[in-house]
Amino acid sequence: MSEGEGKKAPYTLPIGPTHPALKEPVMFTFQMEGETIKDVDFAPGQTHRGIEWMGMRRNPVQIVHLTDRICGICGVVHTLSFCLAVEQIAEIEVPERADYIRVIVHELERVQSHLLWAGVAAHELGFDSLLHLTWRVREQAMDVIENITGNRVNYGIVQVGGVRRDITPEQHPLIEECLTTYEGLLSSLLDLFLDDRSIHMRCRDRGILTYDDAVHLCTVGPTSRASGVNMDLRQDYPYAAYGDLDVRAILPDQYAGETRGDVYDRIVVRLLEVGQSCGIIRQCLSEMPAGEITAEPKIAKLLAVCKKAHGEAIGRVEAPRGECLHYVRMDGKESPTSWKVKASSYSNLMSWIPMLRGEQIADIPIIVASIDPCLSCTDRVAVIRGGRRNILTKEELHRLSVEATRRLQA
Amino acid sequence: MIGSWELALIVLSAVIVTVYGIVVGLFLLGIDRKLAAHMQARVGPPIRQPFIDLRKLLIKENVVPDNAIAWIFNLAPVVALASSIVILLYLPIGSIYPPLGAYGDLILVMYLLTIPALCMVAGGFASGSPYASIGAQREMVTMIAYEFPLAIVVVAVAWRLAAAGIQDPFTLGSIAAHPIWSVAGPLGIVGGLLLLLVMAAVTPAELSRIPFDTQEAETELAGGLLVEYSGKNLAMFSLSQGVKTLVMAAIVVAIFIPWNISSLVLLPEGVALVADLLFFLGKVILVMFFSVSLVRVAMARFQINQVVSVFWIYLGLIGLVGLLLLMADAALPAAGVII
Amino acid sequence: MKLTRSFNRSLWAFHFNSGSCNGCEIEIVAVITPRYDPERFGIKLVGTPRHADVLIITGPVVKKMKDRLLRVYAQIPEPKVVMCVGTCGISGGVFYDSYNLEGPVDEVIPVDVYVPGCPPRPEAIIHGVVTALTKLERLQEGKP
Amino acid sequence: MTGTILTPEEVVDRFSAKFGTGIQEASIREKREGKKKIPHYTIWIELDRELLRPAIQALIEIRYPHLSVIAGNDLGDSIRLVYIFSIQYGEIRSEYMVTLAVTLPKDDLFVPTISDLIPGAVFGEREKQEFFGVTVTGIPDGRRLFLPRDFPEGVYPWRRDETGIPDSMIRDLWASKRPTDRPAPPVEEKEACEIEGGEEKPAEPRGKGEEEGSQ
Amino acid sequence: MSSLPMIPELLRQLMRKPATNLFPAKYLPPSVTEFLHSVASGKAHLTPPVKTPPKFRGKIEYQKDGCIGCGLCVKVCPSHAIELLPETKRIRIWVDQCIFCSQCTDMCPKGGLRMTDEFLLATEDRYEENLIVE
């Protein structure tokens with residue numbers, strides 16, 4: 001065809017850990033033939049901070065804020081599943097109102113996270129206008145979240161035993177307004193994403209994950225639902241207030257009439273879930289019971305209760321990216337003896353390999369993004385220790401600082 | 001032989017055209033960014049932003065990577081810019097006859113158009129970065145892809161003009177003087193519109209803009225061809241990008257919308273010149289808006305094989321239909337059929 | 001090399017994640033979207049350090065990322081500005097003790113402007129840019 | 001997605017019937033939340049190492065399980081691995097968690113791989129190899145997952161014994177460049193109050209005793 | 001245009017006002033320093049940032065008069081930002097370390113800690129006076 005395509009010798013293409021296609025650090029090694037991917041290998045763990053290890057040295061109240069920062073996008077889900085586990089060990093009964101507030105914040109997070117993802121996916125396709133559009137409308141959800149929790153990201157609203165802030169009646173109209181906007185926007189968003197010829201060309205039948213692969217590789221969340229696996233903790237294993245609400249998993253055949261397990265189906269699932277979340281929040285707002293918002297408002301007392309607790313438990317929630325699981329074991333000390341975080345992306349990363357095989361370089365960004373990877377979640381555990389020698393000595397650091405001053409004054 | 005007086009005139013006009021090309025090219029980039037920003041509900045940069053960016057790039061350090069072939073790496077941007085400016089010398093600007101119009105025609109322009117692209121390919125390969133190499137390969141593929149429909153457009157227009165008995169149908173001067181719309185009949189006008197569509201699609205590819213910017217794809221190749229360029233060299237490339245934008249828009253204007261104010265309204269000579277220039281600028285901005293700004297914000301990027309199939313299959317077919325329509329248009333009246 | 005005002009008005013930024021939680025990443029992307037749009041100040045995000053003037057770093061420096069951070073820093077052509085966004089890059093923040101962190105960003109490369117916040121609001125990041133500009137202007141006037 | 005839906009008791013009964021005394025302990029824990037207090041269940045099973053694979057086979061016979069994660073504890077002289085599954089997903093409100101825990105003595109640290117039964121387990125098994133020093137026999141891909149190639153041999157970050165992270169590897173980021181000689185601002189003379197709780201140095205939340213006690 | 005549904009949307013937006021909040025000014029003033037000076041002296045107008053909600057978690061404020069030096073805030077602080085000063089039995093908060101979680105303000109038995117609206121904290125020196133609350 002041309003000189004470029006004619007060269008078919010296999011070669012290796014490394015991508016990462018810092019590459020514009022990857023919003024987070026991960027190291028890929030592709031075996032290429034021309035523009036086609038023959039094989040893939042990847043090394044996560046570029047952002048390990050050893051969070052679990054830190055957690056095993058801190059008390060539950062501190063850990064709650066640490067879990068918030070396992071991942072900036074899925075702030076509430078990690079905290080929630082950690083709290084669910086600790087509450088189970090310490091036998092703390094969470095007030096019903098707190099369950100509802102947890103669900104509301106949880107679903108608001110899902111709305112903003114899916115919109116965020118949609119924008120990022122559009123950006124990976126080179127469709128910046130859609131990035132700007134989705135992120136523009138996302139700001140309304142961010143405003144509501146900021147209003148409820150006091151911060152745009154890292155909400156810090158969930159605490160062991162309940163929630164830290166109530167949703168007051170004055171905030172209801174604000175949330176309602178936001179929901180109305182999104183419900184109105186949804187059909188046009190679906191049009192913009194799913195009817196667009198150029199998106200269709202890039203996403204249909206790209207990065208296919210079959211039903212069997214999805215099950216065998218233990219994928220979770222929208223990634224597995226897009227492959228037709230009926231799996232949603234909110235329906236299967238109702239936690240918090242989801243038992244009272246009638247949630248059903250969203251599968252792509254509800255929109256397109258068929259399931260192909262490709263990137264397109266993942267867009268379908270996520271966009272439809274935005275609408276679903278709006279419905280859930282609406283229902284929660286109208287059915288929210290009155291009462292306390294926390295089982296133990298006195299933090300000092302809460303710490304004492306946690307210190308006495310013995311046992312192990314699992315907290316599990318359906319994060320925007322899929323199942324998020326925290327295993328906690330406490331042995332009557334201030335800090336837990338074991339804490340294992342399983343972020344949703346941890347389960348989904350393996351699915352990259354069947355998805356990417358046989359695709360093109362151009363598809364890498366969108367396929368990698370299509371599982372909505374959250375590597376800071378996944379990487380939290382492992383330790384990256386002294387990989388290489390410390391290249392920078394003190395003198396060099398000094399030299400760099402001197403240069404820094406000079407280069408600005410020059 | 002060229003007389004010395006004539007040579008001096010050409011040199012003088014070349015200098016003027018260079019300055020004009022650079023200023024207007026950057027101005028076009030500024031307008032493009034502003035329009036795109038507005039369409040995305042943003043305020044966007046001030047229109048003079050490309051000038052500021054250029055000034056900044058010129059004071060920045062110019063890094064040549066260790067594993068690059070330095071002379072090609074440094075030469076490529078200069079040649080790219082120079083060749084884009086040279087093309088301008090063959091294009092009519094407003095009612096001004098191109099300074100080199102007598103020495104080259106549309107075929108030459110077509111060849112010249114490949115030089116900036118080839119420079120980017122050479123620069124990309126010389127950078128010694130895998131991303132730049134992939135970008136360079138893609139640039140070549142893209143170039144081969146869009147040359148075919150572009151050739152159809154040029155040939156079709158020139159052929160129709162020749163069939164109408166116009167002298168030198170390939171020179172831009174005569175194409176501009178005899179708009180295809182006034183020469184062709186109704187069938188030909190339909191054909192011409194199809195060719196205009198093809199030309200509008202070739203323009204973003206030539207300028208490596210979305211959806212045909214596979215060679216620079218930021219999210220895939222981190223800037224692709226230009227990944228290793230910085231400072232002065234990058235400034236040259238961005239300048240040639242601006243000039244090329246003007247060139248492509250001017251070619252579309254010359255082939256398809258060549259009218260001038262002065263040919264429609266009687267104006268004093270100086271005023272007419274200015275009016276034509278402004279009108280020309282308006283046409284260029286219009287062409288750029290529809291075929292670059294709007295398209296680039298309204299579409300996703302194609303894959304490289306999709307780029308090839310779009311140009312060879314879809315646009316190639318559309319171009320051929322346009323060509324056939326123009327031929328039929330010329331043949332039918334000649335055969336005595338009145339439509 | 002004389003720094004001119006045109007440098008201040010055309011800051012191209014390269015974003016580097018040295019081990020952050022993504023919160024700051026999101027807010028940085030949020031900054032470039034229509035509601036905040038720093039392109040009106042000539043700021044844009046670029047995909048390669050070679051094109052960049054500003055290095056935006058988020059997160060404490062994970063051991064594995066330290067070398068890459070140094071390499072990216074070296075790849076940015078002079079003159080350059082380093083902005084550290086988010087508490088954990090500034091001081092470790094919630095990750096204040098660990099065995100796999102190399103330390104706050106300023107232990108690895110010199111930082112010009114710090115933007116505290118966890119994560120900072122988008123306006124705070126814009127304010128960080130304004131702070132960087134005042135620093136540049138001060139240096140251009142020859143004051144320390 | 002078809003098949004009978006089992007209650008958690010039935011699941012436990014199946015296991016005890018099949019493996020008898022190999023099951024050291026089996027319990028069902030229930031949790032109810034929300035207004036309607038709809039329950040969800042976690043089944044905890046402690047079993048012998050030899051029964052791990054047959055038990056997973058038994059799970060697959062019930063319904064192909066979803067492996068969430070493999071967690072672990074360091075119990076002092078042994079490592080306990082907790083395989084966390086969920087079964088019957090897709091059935092409205094009938095999903096249960098099933099955790100299979102095996103205890104491995106530290107002088108005989110190995111566990112058979114389950115990745116031929118559940119391909120997605122490779123990730124977790126690779127992780128357990130590097131973090132607990134557990135040998136997974138028969139693992140198809142035994143490379144390190146998160147740790148770099150030149151990570152010191154014999155250091156396992158999640159162990160709480162001498163093979164854990166040594167103090168020399170810990171770095172206090174908060175202390176970086178912080179001025180230490182800053183004088184305390186003067187206070188208007190009032191009654192200086194007692195420090196509650198009698199903590200000597202509360203500015204140092206990592207209590208030493210607690211750290212040693214946990215090792 | 002049914003295959004490119006974005007085009008009508010874009011053209012509509014072209015006619016509308018941008019959604020941008022013009023903080024701190026529409027374009028960059030010729031000199032930022034001078035602009036900030038004239039804002040300070042009331043000569044120029046600065047577009048404020050998007051309004052913060054009522055219970056926004058901004059920079060911390062400390063009333064040291066009521067403080068009893070109980071150290072509870074130090075105990076719950078997840079980011080080691082609070083230091084107890086043994087000489088005066090008061091605390092010092094290193095804002096460069098603070099993660100704005102508001103846990104200490106919830107905890108304080110005397111209500112001496114409060115989150116303010118201030119969030120524009122960018123600085124050239126992370127240990128400058130403005131970022132040490134004591």
Side-chain angles (χ1 to χ4, degrees), chain A residues 43-45 48 50 52-53 56-59 62 84 88 94 96 99-100 215-220 229-231 233 235-244 248-249 287 289 312-314 316 323 325 327 329 333-335 337-338 340 342 346-347 349-350 379 381-388, chain D residues 1 29 31-42 44 64 66-74 82 84 86 88-97 99 118-124 127 130-131 145-152 155 157-158 160 165 169 205-207 210-211 213-214:
Chain A
H48 292 314
E52 279 155 339
W53 179 87
M56 293 184 223
R57 295 150 63 98
R58 298 185 193 178
N59 65 44
Q62 288 175 314
L84 288 175
Q88 217 170 332
V94 177
E96 286 161 10
D99 280 338
Y100 275 79
V215 169
H216 290 147
L217 292 174
C218 308
T219 57
V220 293
V229 185
N230 187 348
M231 171 197 256
L233 288 183
Q235 77 174 6
D236 300 338
Y237 190 80
Y239 55 94
Y242 286 112
D244 306 349
R248 290 291 173 270
E287 292 174 13
E312 59 184 346
I314 298 165
R316 254 175 124 206
E323 174 206 57
L325 183 146
Y327 165 86
R329 183 189 172 109
K333 292 202 195 78
E334 199 159 62
S335 32
T337 25
S338 290
K340 169 81 188 120
K342 202 275 307 191
Y346 182 96
S347 306
L349 292 188
M350 291 271 277
D379 289 354
V381 275
V383 196
I384 298 307
R385 163 66 215 173
R388 304 211 184 132
Chain D
M1 281 296 126
R29 245 177 280 159
K31 196 171 184 215
R32 292 165 183 271
E33 285 166 271
K35 277 197 293 192
K36 289 189 190 157
K37 304 289 176 212
I38 288 174
H40 55 74
Y41 301 96
T42 312
W44 297 83
Y64 196 89
H66 166 74
L67 172 69
S68 292
V69 75
I70 309 171
N73 320 117
D74 184 340
V82 188
I84 303 173
S86 57
Q88 297 190 161
Y89 51 82
E91 303 290 352
I92 314 292
R93 292 170 189 171
S94 304
E95 189 186 30
Y96 313 123
M97 309 239 40
T99 64
I118 298 174
V122 181
F123 231 71
E127 191 191 41
E130 19 175 56
F131 287 97
L145 179 64
F146 291 114
L147 301 183
R149 272 188 219 97
D150 47 359
F151 187 83
V155 177
W158 290 353
R160 287 177 168 270
I165 296 288
M169 285 170 89
R206 297 184 284 114
E210 163 199 328
E211 205 48 35
S214 59

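The sequence lines fix the lettering, A, B, ..., with proteins before strands; numbering per chain opens at 1. Keep in mind that the numbers below use all heavy atoms, side chains included, and drop hydrogens, waters and symmetry copies.
Using a 4.5 Å heavy-atom threshold, the side chains of R93(D) and P238(A) count as touching.
When R316(A), M350(A), E287(A) are compared by the number of non-hydrogen pairs under 4.5 Å with chain D, R316(A) comes out ahead. Of the listed residues (G34(D), A71(D), S86(D)), the one with the most heavy-atom contacts under 4.5 Å to chain A is G34(D).
Contact annotation for D236(A): both backbone and side-chain heavy atoms come within less than 4.5 Å of a heavy atom of chain D. Both the backbone and the side chain of Y239(A) come within less than 4.5 Å of a heavy atom in chain D. Only the backbone of Y242(A) comes within contact range of chain D, with heavy atoms under 4.5 Å apart. When heavy atoms are compared at a cutoff of 4.5 Å, K35(D) approaches chain A by way of both its backbone and its side chain. Heavy-atom distances place both the backbone and the side chain of S68(D) under 4.5 Å from chain A. I70(D) touches chain A through its backbone: at least one of N, CA, C or O sits under 4.5 Å from a heavy atom, while the side chain does not.
When only modelled atom types and interatomic distance are considered, H40(D) and E33(D) share a side-chain donor-acceptor pair under 3.5 Å. Side chains of Q88(D) and S94(D): no donor on one and acceptor on the other come within 3.5 Å. In summary, the side chains of T337(A) and R160(D) do not present any donor paired with an acceptor at a separation below 3.5 Å, with no hydrogens or angles considered.
For the pair K340(A) and E127(D), the salt-bridge criterion is met [side-chain N within less than 4.0 Å of a carboxylate O].
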Can you list the steps and then say if E323(A) with Y237(A) is a side-chain hydrogen bond (donor to acceptor under 3.5 Å, both in side chains)? CA-CA 11 Å; E323(A) 174 206 57; Y237(A) 190 80; over 6 Å; no
